[in-house]
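Start at 1 and go down the list; that is how both ligands and their atoms are numbered.
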Amino acid sequence: MHPDKVTVPEIRSRKLGGPKIAAVTAYDATLARLLDVGGADILLVGDSLGMVVQGLPNTLSVTLEEVCYHGRAVARVAERAHVVGDMPFMSFQVSSEQALQAAGTMLKEGAFESVKLEGGVTIAEQVRRIVSSGIPVMGHVGLTPQSVHAMGGFRVQGKGENAAARVMQDAKALEQAGVYSIVLEGLPADLGRRITESVEVPTIGIGAGPHCDGQVLVCYDLLGMYRDFTPKFVKRFAELGDAVVDAMGEYVAEVRSGAFPDADHSFGMSARKRIGEPTGSRPVVDATPPGYGPASDDDA
Ligand code: KIV
């Protein structure tokens, strides 16, 4: 195990001090490995995968099987980060039994270390049942994307005193049900602060202001891979979208001109093609070994 592996008790303890929690979504092994090495405390396999991986307009049709599939890929490579899985729409709303079954499947088949549920007062019973079975639960209140139709779109929640009080009650209900942290999404910054000050578990904000105990962003947002629309709460920490388009343009141009592949990127050409370069006594091996490694030192 990684010496600094992030655990549930470690996340809880951040409420009392220590660095703020840096969480990010992840859906595949290649990016998850980079995000883990980059220092993410939490990798969340969000049901946002429906939108950012599958290209759907919302998260509602994501299945338990799909979340588990992406969970296995992320968990396989995450050495330090804690790996959380989002419980999909209608995998937990029906009853506590259904919720516990689904949460168990997420740990057994998705390799998750904890699960996240959207909702507050109305799902507190489900949370209590899952937690009492030894499965850690992260809550999620405010803008809950699984309620997109009830909210009339992806809208900031908790505006006005009544609405704010309802979100506060949701957070308190989750705290009492035993969650180890709560995602606060799409809330006025002041409400994010008030909830953070009112609960004893860490809050992790996304569009809920700077006072939360941590922050979470969708990985493609923070990496600048969505270039058409950037919500107000998203900061792009890189412009990978531009980098991908530029790289692709260069690749297309070099394929068309014949500049790629050159001798350096072809098996068995390097030693013979590099004019004036001694080949030594080693033979050039043309066979491609498993995994497409270099055919010989000359090809490396
Ligand atoms: O599904 C998701 O990615 C999420 C985060 C944005 C909090 O729930």
For Tyr27 and Tyr220, take the angle between the two ring planes, folded into 0 to 90°, and tell me which bin it lands in: parallel under 30, tilted 30 to 60, perpendicular over 60.
parallel
Selected option - heavy-atom contact closest to atom 1 (O) of ligand 1, from Val24, Val45, Asp86, Val52
Asp86
Taking atom 5 (C) of ligand 1 as the point of reference, which of Val216, Leu44, Val84 owns the nearest heavy atom?
Leu44
For ligand 1, is there an atom lying under 4.0 Å from some heavy atom of Glu118?
no
Does a side chain donor of either His82 or Ser114 reach within less than 3.5 Å of an acceptor in the other side chain?
yes
Would Glu185 count as being in polar contact with ligand 1, using the rule that some N or O on each side must be under 3.5 angstrom apart?
no
Is it the case that the side chain of Asp221 and the backbone of Val234 share a donor-acceptor pair, with hydrogens and angles ignored and the cut-off at 3.5 Å?
no
With Ile42 as partner, the option from Thr25, Val84, Val24 fulfilling side chain to side chain contact (heavy atoms under 4.5 Å, CB included) is Val84
Starting from [atom], find the nearest protein heavy-atom neighbour and note its residue, name and distance.
atom	value
atom 6 (C) of ligand 1	Ile206 CD1, 3.6 Å
atom 2 (C) of ligand 1	Ser48 OG, 3.3 Å
atom 8 (O) of ligand 1	Lys116 NZ, 3.0 Å

When you check the gap from the basic side-chain N to the acidic O, do Asp170 and Arg166 get nearer than 4.0 Å?
no
Answer yes or no: is there an ion pair linking Asp41 with Arg80, defined by an N-O contact shorter than 4.0 Å?
yes
Residue list, side chain to side chain donor-acceptor pair (under 3.5 Å) with Lys5, at least two apart or on another chain:
Glu113
With a cut-off of 4.0 Å, which atoms of ligand 1 are near a heavy atom of Gly46?
1 (O), 2 (C), 3 (O)
At a 4.0 Å threshold, what atoms of ligand 1 neighbour a non-hydrogen atom of Thr25?
3 (O)
